[in-house]
Every structure is written in structure tokens, then in C-alpha cells.
Amino acid sequence: MKIPPEFPELCVWFDPQILAVSPEVEDEFDFALKHVTPQQQQMIKHFILDVLENVHDSKELNRIWQGANSNTRFDSDDGIRMYLEEIVRRID
């Protein structure tokens, strides 16, 4: 699955180091989403929905998340899926 460039543009802001030095950030999802346009958000939403519906392979799911250039790490596929679901929920 090809990762659209908008997805890494969002995910780069999910970085524990940025959040640690920015105490004014109360919500990491709102913080990240404000760095992409509404049009980019819609493209990201469609991509994530496609991933959630069609990617059932752990290796592929991890490849997609690692390709997003985020420094946020997960211990399980469920963690990645829950994070992606929350991004979609916030875009609605």
C-alpha cells in the first residue's frame, strides 16, 4: 500500500520529544492536526480508513506506521489501530 505524503506530514508531529518540551500541548492529536490543512486531513482520513479496512497483516501495518516518520512507538498492532482510529475520529 502506497503511503500518501500527507500522512507522514501529520505523523511527524506525533513525537514524544516535541510534546515533552512543549508543555502547552494538552492534546497531541489536536496539536498534530493543526499542522495540516483541512484538505490534507481528508486525504489522511481516507488513507487511514483504507488501512483499517484492508490491512490485516502485522508486517504491513508496521511498515505503514514506520513509513509515517513518527517517533511514537507501539507494542502491538492493536495500539497502532487504536491510534489510527483516534486520528480518524478527530478529523470527523
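Just so it is clear, the values below take in all heavy atoms, side chains as well, and ignore hydrogens, waters and symmetry mates.
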Could you list the donor-acceptor pairs under 3.5 angstrom formed between side-chain atoms of residues 74-82 and any protein atom two or more places apart in sequence or on another chain?
unit_1: S76; atom_1: OG; unit_2: D78; atom_2: N; d: 3.4
unit_1: S76; atom_1: OG; unit_2: G79; atom_2: N; d: 3.1
unit_1: D77; atom_1: OD1; unit_2: S58; atom_2: OG; d: 3.1
unit_1: D77; atom_1: OD1; unit_2: N62; atom_2: ND2; d: 3.2
unit_1: D77; atom_1: OD2; unit_2: S58; atom_2: OG; d: 2.8
unit_1: R81; atom_1: NH1; unit_2: L52; atom_2: O; d: 3.4
unit_1: R81; atom_1: NH2; unit_2: V55; atom_2: O; d: 2.1

With Q40 via side-chain contact (heavy atoms from CB on, under 4.5 Å) - residues at least two apart: E6, E9, V36, T37
For R90, all residues meeting side-chain contact (heavy atoms from CB on, under 4.5 Å), sequence neighbours excluded: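 Scan of R90 (side-chain contact (heavy atoms from CB on, under 4.5 Å), adjacent residues dropped) gives D27, F29, D30, L33, E86.
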Atom pair [atom1] ([X]) and [atom2] ([Y]), whose distance is rounded to the nearest 0.5 Å:
X   : Y   : atom1 : atom2 : answer
I44 : Q39 : CD1   : CD    : 11.0 Å
I87 : L49 : CD1   : CG    : 11.0 Å
D15 : E28 : CG    : CD    : 10.5 Å
S70 : Y83 : OG    : OH    : 6.0 Å

ring-ring contact (aromatic ring centres under 6.0 Å, His included) against H35, all qualifying residues, sequence neighbours excluded: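 Result, ring-ring contact (aromatic ring centres under 6.0 Å, His included) vs H35: W13, F31.
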Of all pairs that satisfy salt bridge (Lys or Arg N to Asp or Glu O under 4.0 Å), the ones with a partner from residues 36-58, not counting sequence neighbours: K45-D92
Pairs flagged by salt bridge (Lys or Arg N to Asp or Glu O under 4.0 Å) wherever residues 60-69 is involved - sequence neighbours left out: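 Non-adjacent pairs meeting salt bridge (Lys or Arg N to Asp or Glu O under 4.0 Å): E60-R63.
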Nearest atoms (heavy-atom pairs only) where I64 meets I3: O-CD1, 3.6 Å
Shortest non-hydrogen separation from P8 to G67 and the atoms involved: CG-O, 3.8 Å
Shared hydrophobic cluster for M1 and L84 (ILVMFWY, side-chain gaps under 4.5 Å):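 They do share one cluster, since a chain of ILVMFWY contacts under 4.5 Å joins M1 to L84.
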Pairs satisfying ring pair (Phe, Tyr, Trp, His ring centres under 6.0 Å), at least one member in residues 42-63, at least two apart: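 For residues 42-63, and leaving out neighbouring residues, the ring pair (Phe, Tyr, Trp, His ring centres under 6.0 Å) pairs sorted by first residue read F7-F47.
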